[in-house]
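Count residues from 1 along the sequence. Start at 1 and go down the list; that is how both ligands and their atoms are numbered.
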Amino acid sequence: MENFFAQPINIGNLKLKNRIFLAPLAGVSDIPFRRICQEFGAGLTYVEMLSANAVNYVNEKTLRMRARHPSEEILGVQVTGPTPEDLAKAVERLDQENFDTIDINMGCPVKKVVKANCGSAITKDTEYMSEVVAAVRAVTSKPLSTKFRIGFDRVNVEDSSLCSVKNNVEMFTIHGRTAQQNYSDAVDFAKIADGINAGKGYKSDVVTVGNGDIFDYQSALRMHEQTGCDAIMISRGSLGNPWIFREILQGKPVHPTVEEWLDVILRQLQYHEEHYGDNVPTTRMARKYFVWYAKGFPGCKTFRNQLQQVNSLKEARTLFKGFAATLPKTLVRYQGLSFKEAQHIKHGYDPKYDMDRKLDRGVGTECME
Ligand SMILES: Cc1cc2nc3c(=O)[nH]c(=O)nc-3n(C[C@H](O)[C@H](O)[C@H](O)COP(=O)(O)O)c2cc1C
């Protein structure tokens, strides 16, 4: 039987080659990282979450975040905002830009975002949520989607999916946690399924996407089997592991050799240099990727600490090559680690602690300015 995730799917009139998407990731899903994930087969990728205010006031940083590389065949944009009017104004602009699909972020739990009445705060009130989606729908005919959690502080996932479909979105994504939960709580598949069934019950051709705790083919399959979702969205599972797209597409584990692992890191470094140049601020921005790539090897703590200090891409290249040279060629990443270490790396782990909040765009915080 053909791998479910490898099958094409349409979001409205947008044809996607498969059903494995890379989430919009603030501070992470920039051009270099997206290019790598696309090369490994991601069927849809997004720029980092944008703030409607930053779009409306033509913030320089946000303009840079909206760039699209010529190699990117399909690209989505995600935006959140404090009022339906602000969001609609921003989407009117984004609609004219080089994006194939637009997503409304109604799931971000970051305090600053919620305080600004953005992200997951939008889902607190069903009527308000409806106004938001309707206002955005009115200004774009591009495929439109929403991304939300199963609730803010109480579960109202069915309301969120119904609000979305009644206002004619072509797709919605459900992250199976409330905004009050953190990564140590497992995603709730039954609640995702409730949201999907409510949405499909109203509009059977809406594309439904399951999100949360997908780290390999098995967990992708579990998400699909337990929720009935049409597609999946990967977030933390891609950090330091773009091979996840290939693994899910092939339906079996992918274990890159040390040489392949190094090759991918060096390629991302090259893309990073092409996009940002080799300088101190953007190298600091890239440190988190280095640390994620360096995970899963026994005794790599010192190496990771060194990577946290690098100030140039050249230095990072030298460190990675040096470290790779010390590894046995047959070494398999994550194998040979204790169960506890592996669990920490995979489940319940919050990557924001690897991100430099001063230099970075962080997890959806600075983009609210
Ligand atoms: C570093 C980081 C940045 C994120 N940025 C965004 C974002 O910009 N937009 C969004 O909708 N979700 C964002 N999220 C949430 C994820 O897309 C996803 O919903 C959540 O991490 C659950 O999926 P996971 O368990 O596979 O990580 C972010 C998550 C992380 C870890």
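Taking every non-hydrogen atom of K147 and a distance limit under 4.0 Å, the qualifying atoms of ligand 1 come out as 10 (C), 11 (O), 12 (N), 15 (C), 16 (C), 17 (O), 18 (C), 19 (O). Numbered from 1 in the order shown, with element, the atoms of ligand 1 that lie under 4.0 Å from a heavy atom of D213 read 24 (P), 25 (O), 26 (O). Every atom of ligand 1 with a heavy atom of N105 under 4.0 Å away is listed here by number and element: 9 (N), 10 (C), 11 (O). Counting the atoms of ligand 1 from 1 in the order shown, those under 4.0 Å from a heavy atom of P351 are 31 (C). Interface atoms of ligand 1 facing P24, defined by a heavy-atom separation under 4.0 Å, are 5 (N), 6 (C), 7 (C), 8 (O), 9 (N), 10 (C), 12 (N), 13 (C), 17 (O). Remark: ligand 1 atoms within the under-4.0 Å shell around heavy atoms of Q78 are 7 (C), 8 (O), 9 (N), 10 (C), 11 (O). Those atoms of ligand 1 that come under 4.0 Å of a heavy atom in R177, given as number and element, are 25 (O).
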Can F33 and Y271 be said to form a ring pair (Phe, Tyr, Trp, His ring centres under 6.0 Å), step by step? CA-CA 8 Å; F33 186 61; Y271 295 164; over 10 Å; no
Step by step, work out the ring pair (Phe, Tyr, Trp, His ring centres under 6.0 Å) result for F297 and W261. CA-CA 12 Å; F297 298 105; W261 168 81; 4.8 Å; yes
Under the side-chain hydrogen bond (donor to acceptor under 3.5 Å, both in side chains) criterion, do Y293 and Q268 qualify, and how do the steps go? CA-CA 11 Å; Y293 275 119; Q268 191 172 330; 2.7 Å; yes
Test log, rule side-chain hydrogen bond (donor to acceptor under 3.5 Å, both in side chains), inputs N211 and R149: CA-CA 9 Å; N211 169 245; R149 292 173 170 246; over 6 Å; no
Criterion side chain to side chain contact (heavy atoms under 4.5 Å, CB included) on V133 and V169, from CA distance to verdict: CA-CA 8 Å; V133 185; V169 301; 3.7 Å; yes
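With a 4.0 Å cut-off on non-hydrogen atoms, M233 does not touch ligand 1 at all. The parts of S235 lying near ligand 1 are both backbone and side chain, judged by heavy-atom distances below 4.0 Å. Heavy atoms from both the backbone and the side chain of L25 come within less than 4.0 Å of ligand 1. Contact annotation for F215 and ligand 1: no heavy atom of the residue comes within less than 4.0 Å of the ligand. Both the backbone and the side chain of R236 come within 4.0 Å of ligand 1, judged by heavy-atom distances.
The neighbour count for E73 CD, taken as heavy atoms of other residues, nucleotides or ligands under 6.0 Å away, does not exceed 12.
Separating the CD atom in Q78 from the OG1 atom in T146 is a distance of 10.0 Å, to the nearest 0.5 Å.
In this structure, G27 falls outside the shell of residues with a heavy atom less than 4.0 angstrom from ligand 1.
Residue A26 holds the heavy atom nearest to atom 4 (C) of ligand 1 of all those in S238, A23, A26.
In this structure, P24 and M49 approach most closely via the heavy-atom pair CB-N, 4.5 Å.
Between Y289 and W292, the ring-plane angle classifies as perpendicular under the 30° and 60° cut-offs.
Of the polar atoms of E48, none of the N or O atoms is found under 3.5 Å from an N or O of ligand 1, judged by distance alone.
No cation-pi contact links R177 to Y183, judged by a cut-off of 6.0 Å to the six-membered ring centre and 45° from its axis.
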